[in-house]
Each structure stands twice: as C-alpha cells, then as structure tokens.
Amino acid sequence: MADVIEADGLAILPGRITPAEQRALAEDIRKIIKKAPLFQPVMPRTGKPFSVEMTNCGPLGWVSDRAGYRYQPNHPVTGRPWPAIPERLVKLWQDLGAPAEPEACLVNIYAEGARLGMHQDRDEATFDAPVVSVSLGDTAVFRLGGTERRGPTRSVRLASGDVVVFGGPSRLIYHGIDRVLSGSSRLIDGGGRINLTLRRVNPF
DNA sequence: AAGTTTCG
DNA sequence: TAGA
C-alpha cells in the first residue's frame with residue numbers, strides 16, 4: 001500500500017477504490033476504448049511518440065501532436081465526440097469535494113515498459129479545481145516533485161485502487177511515472193496499468 | 001539504483 | 001520540455 005500523504009492540497013489515498021469498483025471501472029474503460037480507440041500521442045515539434053497510449057472520455061479530451069498540447073471535443077482519429085465519463089467517476093469527483101463536474105477524463109494506458117516523464121498538468125484554462133488521478137492494474141513507481149522543475153523529488157508506489165488528488169498549492173506539482181511493475185496486479189487481462197485523470201478545463 | 005540535469 |  002502506498003504511503004498516505006495529505007498536505008498542501010496533495011492527497012494520496014491508498015485503496016480509495018474497492019476491488020469491486022476497480023473491476024467495474026476496468027470494464028467501463030474497456031467499453032470506452034471500443035468507442036474511442038487508443039491513439040499514440042507524439043511530442044510537439046519533435047514528433048517523438050509517447051510510450052503510453054491514450055484515449056479520453058467527457059466533453060473534452062487532452063491530445064498532443066506536432067502542433068502542441070490541447071483539449072478538444074473530438075477524437076483525433078475518428079473525429080467523433082468522446083464517450084461520456086462513467087457515472088462512478090463523476091461520483092468519485094463529487095465525493096472528494098471537487099467543484100462542479102469534471103469536463104475531461106484522460107485515459108492513459110501503460111503497457112510493460114511504458115513511462116511518462118516529469119510534467120505539470122497546466123493546459124487547463126482554470127487551476128481552481130483539483131486534478132483527480134485513479135490507478136488501476138499494475139503498480140506504478142510514481143515520481144513526485146514540487147511546483148518548480150528543479151528541486152527534490154520523491155518516489156511513491158501507486159497500486160490499483162489508489163487515488164491521488166492534486167489541489168490547492170499542489171495543483172501544478174511536477175509528477176511522472178518512472179516505471180510500471182509488470183505482473184503486480186491481476187485486474188487487467190494481459191496486465192498493464194490504466195490511469196484515469198479527471199480534470200476541470202474551464203472555469204466554473 | 002535513484003535522482004538530477006542537459007539536450008533537442 | 002507529457003522524450004531520452
């Protein structure tokens with residue numbers, strides 16, 4: 001189980017999602033991927049591919065391509081609107097005391113070997129709402145820094161069912177995924193990790 | 001091995 | 001500067 005941290009608007013909530021709810025969520029995501037297929041984002045300018053695959057649900061989805069990072073209402077490949085955010089995730093958002101309703105839910109899929117470099121979630125037009133992150137499947141080695149790119153970082157393991165809330169002064173904290181511990185969970189057929197990130201994009 | 005900095 |  002991950003360490004409990006709760007300070008400066010950052011909360012790491014080990015086991016916040018029950019195993020039954022984790023299974024239901026994994027099934028929700030399977031259906032979302034069927035409607036909104038995974039795509040491989042690339043870095044702005046360089047075109048270097050991410051090692052994670054992505055899709056979204058909600059009125060807006062986060063995408064990255066050569067032109068940059070942005071939120072958009074349609075899938076970059078199919079052109080269709082993103083599927084709705086599952087009701088159980090909207091309820092989680094509300095239960096955690098987050099305002100209004102989430103507008104975007106980024107779905108990051110980590111196969112074995114996938115990583116995500118240190119970054120801030122700063123493409124939103126408002127930082128007044130927290131970012132809520134849900135881990136499913138294999139345990140991740142999560143790296144957590146401060147609001148400045150340089151400075152000390154710490155490593156925290158995030159297991160299936162853990163929830164991280166980035167709020168208040170911690171809303172713009174640097175974070176990333178160093179590595180996924182393959183075979184550490186049986187939640188997802190074929191292994192791997194799913195991360196769900198609920199966000200408010202526009203002021204409420 | 002883990003954490004930090006640099007490069008493109 | 002969500003990669004290496």
Side-chain angles (χ1 to χ4, degrees), chain A residues 2-3 5 9-10 12 29 32-33 36-58 60-77 82 102-127 129-159 162-167 170-184 192-202:
Chain A
D3 297 333
I5 300 175
L10 176 71
I12 298 182
I29 298 308
I32 284 166
I33 291 171
L38 295 175
F39 59 92
Q40 186 173 47
V42 300
M43 290 287 284
R45 291 189 297 285
T46 64
K48 281 181 183 166
F50 287 43
S51 58
V52 298
E53 292 191 295
M54 294 181 175
T55 189
N56 290 270
C57 52
L60 292 170
W62 188 85
V63 300
S64 176
D65 59 22
R66 285 172 180 77
Y69 306 143
R70 67 190 170 277
Y71 285 92
Q72 61 179 48
N74 300 94
H75 191 287
V77 178
W82 305 105
E103 289 178 291
C105 176
L106 175 61
V107 178
N108 283 160
I109 304 293
Y110 294 79
E112 186 174 354
R115 294 173 291 151
L116 196 61
M118 289 285 277
H119 67 279
Q120 293 173 300
D121 290 14
R122 50 182 260 177
D123 300 313
E124 301 73 33
T126 180
F127 302 135
V131 170
V132 173
S133 165
V134 176
S135 294
L136 296 171
D138 285 339
T139 295
V141 182
F142 183 56
R143 184 159 299 279
L144 203 47
T147 53
E148 312 281 331
R149 179 175 278 287
R150 50 182 49 107
T153 63
R154 62 170 286 182
S155 176
V156 177
R157 282 155 125 89
L158 294 180
D162 294 353
V163 171
V164 182
V165 182
F166 302 88
S170 295
R171 171 63 180 76
L172 292 172
I173 248 174
Y174 278 88
H175 58 282
I177 294 293
D178 286 349
R179 153 167 145 79
V180 172
L181 306 177
S182 71
S184 53
R193 171 174 189 261
I194 299 172
N195 180 72
L196 309 174
T197 315
L198 295 161
R199 299 170 180 149
R200 187 76 209 177
V201 177
N202 297 298

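Letters A, B, ... mirror the listed sequences (proteins, then strands); counts begin at 1. The basis for the numbers below is simple: all heavy atoms, side chains too, and nothing from hydrogens, waters or symmetry mates.
Under the Watson-Crick or G-U wobble criterion, with both distances below 3.5 Å, B:dA2 has no partner in any strand shown.
Look at CD on A:E148: it is 16 Å from C1' on B:dT5, rounded to the nearest Å. Rounded to whole Å, atom P of C:dT1 lies 20 Å from atom CZ of A:R143. One interatomic measurement links the two molecules: OH of A:Y174 to P of B:dT5, which rounds to 13 Å at whole-angstrom precision. Between the NE2 atom of A:H119 and the P atom of C:dG3 there is a distance of 8 Å, rounded to whole Å. Residue A:R66 contributes atom CZ, which lies 14 Å from atom C1' of C:dG3 at whole-angstrom precision. Per the geometry, CG belonging to A:L181 stands 10 Å off P belonging to B:dA2, to the nearest Å. One atom, CE of A:M118, and another, P of B:dC7, lie 19 Å apart when rounded to the nearest Å. Here the P atom of nucleotide C:dG3 and the CZ atom of A:R179 are 17 Å apart, to the nearest Å.
Considering A:V107, A:L106, A:L38, A:V63 in turn, A:L106 is the only one that fulfils the side chain to side chain contact (heavy atoms under 4.5 Å, CB included) rule with A:M54.
Of the candidates C:dT1, B:dT5, C:dA4, C:dA4 carries the atom nearest the A:R115 side chain, counting heavy atoms from C-beta on. For A:P152, taking side-chain heavy atoms from C-beta onward, the closest of the listed nucleotides B:dT4, B:dG3, B:dT5 is B:dT4. Proximity note for A:K48 (side chain, C-beta onward) versus B:dG3, C:dA4, C:dT1: the nearest is C:dA4. Nearest to the side-chain atoms of A:T153 among the listed nucleotides B:dT4, C:dG3, C:dT1 stands B:dT4. In this structure, the nucleotide among B:dA2, C:dT1, B:dT5 sitting nearest to the side chain of A:R150 is B:dT5. Taking only side-chain atoms of A:L116, from C-beta outward, the nucleotide of B:dG3, C:dG3, C:dT1 with the closest atom is C:dG3.
Closest approach of A:A36 and A:W82 over heavy atoms only: CB-CE3, 4.3 Å.
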>> side chain to side chain donor-acceptor pair (under 3.5 Å), that's the test. Do A:R143 and A:T153 meet it? Break it down for me.
In response: CA-CA 7 Å; A:R143 184 159 299 279; A:T153 63; 2.9 Å; yes

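Rounded to the nearest 0.5 angstrom, A:T55 OG1 and A:N108 CG are separated by 10.0 Å.
The phosphate of C:dG3 has neither OP1 nor OP2 within less than 4.0 Å of any side-chain N or O from A:S51. Applying the 4.0 Å criterion to OP1 and OP2 of B:dA2, one finds that A:R154 has every side-chain N and O outside that range.
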>> Could you write out DNA chain C as dot-bracket? Rules: Watson-Crick or G-U wobble, both distances under 3.5 Å, brackets [ ] for crossings, | for pairs with another strand, dot for unpaired.
In response: ..||

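No side-chain donor-acceptor contact under 3.5 Å links A:R115 to the backbone of A:F50. Using a distance-only test at 3.5 Å, with no hydrogens or angles considered, a donor-acceptor pair links the side chain of A:H75 to the main chain of A:P37. Using a distance-only test at 3.5 Å, with no hydrogens or angles considered, no donor-acceptor pair links the side chain of A:E148 to the main chain of A:R150.
Within 4.0 Å (heavy atoms only), A:D123 reaches at least one base atom of the nucleic acid. Using a 4.0 Å heavy-atom cutoff across all strands shown, A:P41 reaches no nucleic acid atom at all. As judged by a 4.0 angstrom heavy-atom cut-off over every strand, A:R149 is placed among the base-contacting residues.
The ring pair (Phe, Tyr, Trp, His ring centres under 6.0 Å) search around A:Y110 returns none, not counting sequence neighbours.
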